[in-house]
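Shown below is the structure under consideration.
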Amino acid sequence: MKRTTLFVALLAIVGSMFALTCYDVQYTEDANGTSPYFGQTVTVQGIVVATEWRGYVDFYIADPEGGPWHGLFIYDDTEEYGDMVSVGDMIEITGLIDEYYNMTELKEIDDMEILSSGNAVPEAYRVTCSDLASNEANEGCHVYITGELTVTQAQNNYGEWYVSDGDGECQIDDGFFYLDSVDPPIEIEVDQVWGTIRGMVDYSYDLYAINPITPSDISPNEGSDDETVPEMGITLGNYPNPFNPQTTIEFSIPEAANTTLDIYNVRGQKINTLINDRLDADTHQVVWNGTDASGKNVTSGIYFYKLNSGRYTSTKKMILLK
């Protein structure tokens, strides 16, 4: 048996016995960026950093320490697991490592377990445009660029645009939201200057790109009068999820506003209202104990909680298991 074949076989055995890190899967000295676990079914642990990629159930995870090589894209082709996770969940997930047009991903998920929830998400680390555009180590990771980021190309038909920090040029993409879908819309023009852009790195058509997760990940240059970036929106999540018998729903709102938090069943029927009050700009928590408005226990299943606060709204899914 050739040494390379033996090495791959040993990796397969190790990967089936122990949970790997994102770093284990991603780190490579292969010029093509191919994972050493390519084609192998492995189990990986990581913290969920971003969800709802391209509006689907795909998501990103990272090792707790963050940094280069420490992120991984999860392609949920089963469409069974992505709706179960929330940002901050520590998960253990088993699936096939693939290279989709040289983008390392875990797919064909066999199993997933949420080990804990409410964990701190690894902070984005700083890169330059040149480093982002050329470095495999940033693939699947949470990064940011900063400085005087000058737009060199406006959005094309695929939602892609380009900025330069003076060190080089890199691509910005719209994997999590469309710029014209927020209020007010974010307008990109050549020679416009931004201050910081943060997001997840993907690889497509031979280019690495930053995908901002929320509108607040695109910040004006210091001292700029640019008003095209909305204020930071609401954040929303619950833990544990799945849960039994109760879960804590936590959310942050950027401004004082009349706020409602409602629970819906899978038929779209509102079954309970947890909050209906004017709240201050802050982080708030409320516990739902799995009951309807009359105090009666509800059955196991999927439920949705919807937050409306002023001009902001967000809906998330949770699972009650009994």
Side-chain angles (χ1 to χ4, degrees), residues 21-23 25-35 46-47 49-51 53-54 58-63 65-75 99-105 121-156 158-179 186 188-222 229:
T21 65
C22 297
Y23 184 92
V25 173
Q26 286 282 23
Y27 182 78
T28 179
E29 296 181 1
D30 189 320
N32 293 325
T34 301
S35 167
I47 295 174
V49 178
T51 60
W53 167 258
R54 300 287 183 197
D58 307 327
F59 55 100
Y60 285 83
I61 64 174
D63 298 325
E65 62 267 38
W69 303 109
H70 286 281
L72 181 63
F73 177 63
I74 309 297
Y75 173 54
E99 295 286 340
Y100 184 75
Y101 291 94
N102 293 325
M103 170 75 172
T104 304
E105 63 182 22
V121 174
E123 293 186 2
Y125 62 90
R126 183 174 180 176
V127 296
T128 64
C129 286
S130 177
D131 181 52
L132 176 76
S134 61
N135 197 338
E136 168 81 15
N138 300 315
E139 178 187 271
C141 295
H142 193 200
V143 307
Y144 73 95
I145 53 177
T146 192
E148 293 190 355
L149 306 175
T150 303
V151 177
T152 56
Q153 297 181 51
Q155 272 196 311
N156 58 27
Y158 300 101
E160 302 158 343
W161 47 294
Y162 294 79
V163 298
S164 171
D165 58 0
D167 175 62
E169 184 182 67
C170 65
Q171 185 186 99
I172 315 298
D173 208 348
D174 61 355
F176 290 99
F177 67 93
Y178 300 126
L179 301 187
I186 300 176
I188 302 300
E189 300 176 354
V190 174
D191 293 331
Q192 193 177 46
V193 179
W194 296 91
T196 300
I197 299 175
R198 179 184 292 102
M200 308 305 301
V201 178
D202 77 329
Y203 184 78
S204 179
Y205 295 99
D206 298 325
L207 290 171
Y208 296 103
I210 296 180
N211 294 259
I213 303 169
T214 69
S216 62
D217 285 332
I218 308 174
S219 304
N221 191 35
E222 283 189 22
V229 179

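It should be emphasised that the depicted structure is a prediction, and the values quoted were computed from it without experimental measurement. By convention here, the first residue in the shown sequence is residue 1.
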Next item on the list: Please indicate whether Tyr178 has more than 12 foreign heavy atoms, meaning atoms of other residues, nucleotides or ligands, lying under 6.0 Å from its OH.
Entry: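 Check fails, neighbour count at 12 or below.
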Notebook entry, point to check: Are any non-hydrogen side-chain atoms of Val163 and Cys170 less than 4.5 angstrom apart?
Noted result: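 Yes, their side chains come closer than 4.5 Å.
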Margin query: I'd like to know if the side chain of Gln26 reaches the main chain of Gly71, judged simply by a donor and an acceptor atom lying under 3.5 Å from each other, with no hydrogens or angles considered.
Written below: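 Such a contact is found between Gln26 side chain and Gly71 backbone.
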Note to self: Please find the pair of heavy atoms, one from Ile210 and one from Pro212, that lie closest to each other, and give the distance.
What the structure shows: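 Here Ile210 and Pro212 meet closest at O-CD, 3.5 Å.
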Item checked: side chain to side chain donor-acceptor pair (under 3.5 Å) partners of Tyr144, counting only residues at least two apart ->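 By the side chain to side chain donor-acceptor pair (under 3.5 Å) rule, Tyr144 matches no residue at all.
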Item checked: side chain to side chain contact (heavy atoms under 4.5 Å, CB included) against Val121, all qualifying residues, sequence neighbours excluded ->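 Testing Val121 for side chain to side chain contact (heavy atoms under 4.5 Å, CB included), a comparison that skips the adjacent residues, returns Val49, Val87.
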Notebook entry, point to check: Closest approach of Ile218 and Trp161, non-hydrogen atoms and distance?
Noted result: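 For Ile218 versus Trp161, the nearest heavy atoms are CD1-CZ2, 4.2 Å.
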Check: Do other residues, nucleotides or ligands put more than 12 heavy atoms under 6.0 Å from Glu65 CD?
Finding: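 Above 12, so yes.
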Next item on the list: Any pair with a residue in residues 163-177 that passes salt bridge (Lys or Arg N to Asp or Glu O under 4.0 Å), sequence neighbours left out, goes on the list, sorted by first then second residue, please.
Entry: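 Applying salt bridge (Lys or Arg N to Asp or Glu O under 4.0 Å) to every pair that reaches into residues 163-177, excluding sequence neighbours, yields Arg54-Asp173, Arg54-Asp174.
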Margin query: Are Ile213 and Met200 packed together at the side-chain level, in the sense that at least one heavy-atom pair is separated by less than 4.5 angstrom?
Written below: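 Ile213 vs Met200: side chains touch.
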Next item on the list: Keeping the roles fixed (side chain from Asp131, backbone from Ser134), state whether a donor-acceptor pair exists under 3.5 Å.
Entry: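 Between the backbone of Ser134 and the side chain of Asp131 there is no qualifying donor-acceptor contact (under 3.5 Å).
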Margin query: Does any part of the side chain of Glu189, heavy atoms only, come nearer than 4.5 Å to the side chain of Val151, both counted from C-beta?
Written below: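 No; the side chains remain at least 4.5 Å from each other.
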Margin query: Quick check: closest heavy atoms across Asp30 and Thr28, and the distance to 0.1 Å?
Written below: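 Taking every non-hydrogen atom into account, N-OG1, 2.9 Å.
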Check: Going by distance alone, is a donor N or O of one side chain under 3.5 Å from an acceptor N or O of the other, for Glu139 and Thr104?
Finding: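 A donor-acceptor contact under 3.5 Å links the two side chains.
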Notebook entry, point to check: Does the side chain of Glu29 pick up a donor-acceptor pair with the side chain of Tyr27 at under 3.5 Å?
Noted result: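 Per modelled atom types, Glu29 and Tyr27 side chains form a pair under 3.5 Å.
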Next item on the list: Could you note down all residue pairs passing salt bridge (Lys or Arg N to Asp or Glu O under 4.0 Å) where residues 190-212 supplies at least one of them, sequence neighbours left out?
Entry: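 For residues 190-212, and leaving out neighbouring residues, the salt bridge (Lys or Arg N to Asp or Glu O under 4.0 Å) pairs sorted by first residue read Arg198-Asp217.
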Check: When rounded to the nearest 0.5 angstrom, what is the spacing between OG in Ser35 and CD in Glu105?
Finding: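 The OG atom of Ser35 sits 11.5 Å away from the CD atom of Glu105.
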Note to self: I'd like to check the side chain to side chain donor-acceptor pair (under 3.5 Å) partners of Thr146; sequence neighbours left out, ordered by chain and number.
What the structure shows: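 Result, side chain to side chain donor-acceptor pair (under 3.5 Å) vs Thr146: Thr196.
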Next item on the list: Could you pull out all residues at least two apart from Tyr205 that satisfy side chain to side chain contact (heavy atoms under 4.5 Å, CB included)?
Entry: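 For Tyr205, no residue satisfies side chain to side chain contact (heavy atoms under 4.5 Å, CB included) once neighbours in sequence are set aside.
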Next item on the list: Find the distance between OG1 (Thr34) and CD (Glu136) and round it off to the nearest 0.5 Å.
Entry: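 Between atom OG1 of Thr34 and atom CD of Glu136 there are 8.0 Å.
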Notebook entry, point to check: Which value, rounded to the nearest 0.5 Å, describes the distance between Met103 atom CE and Tyr75 atom OH?
Noted result: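 Here the interatomic distance stands at 13.0 Å.
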Note to self: A side-chain contact here means heavy atoms from C-beta on lying under 4.5 Å apart; do Pro122 and Asp63 qualify?
What the structure shows: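 Side-chain contact under 4.5 Å: no.
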Note to self: Checking Ile172 against Ile145 for the side chain to side chain contact (heavy atoms under 4.5 Å, CB included) test, could you report, in this order, the C-alpha distance in whole Å, the side-chain angles of both residues, the deciding distance, and whether it holds?
What the structure shows: CA-CA 11 Å; Ile172 315 298; Ile145 53 177; 4.3 Å; yes
Note to self: Classify the ring geometry of Trp53 against Phe176: parallel below 30°, tilted from 30° to 60°, perpendicular beyond 60°.
What the structure shows: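 Taking Phe176 first and then Trp53, their aromatic rings stand perpendicular (interplane angle over 60°).
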Check: Where do Val127 and Asn135 land on the side chain to side chain contact (heavy atoms under 4.5 Å, CB included) test, with the steps shown first?
Finding: CA-CA 10 Å; Val127 296; Asn135 197 338; over 6 Å; no
Notebook entry, point to check: Out of curiosity, Asn102 CG to Tyr208 OH, how far, rounded to the nearest 0.5 Å?
Noted result: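 Reported to 0.5 Å precision, the distance equals 8.0 Å.
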Item checked: Rounded distance [0.5 Å steps], CD1 in Ile186 versus CD1 in Ile188 ->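 Ile186 atom CD1 to Ile188 atom CD1 measures 6.5 Å (nearest 0.5 Å).
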Checklist line | Distance-only donor-acceptor check, side chains Ser130 and Thr128, under 3.5 Å | finding: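 No, no side-chain donor-acceptor contact under 3.5 Å.
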Check: When rounded to the nearest 0.5 angstrom, what distance separates CG in Asn211 from CD in Gln171?
Finding: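 Separation between the atoms: 8.0 Å.
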Next item on the list: Measure across Cys141 and Gly67 and return the closest heavy-atom pair with its distance rounded to 0.1 Å.
Entry: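 Here Cys141 and Gly67 meet closest at SG-O, 3.6 Å.
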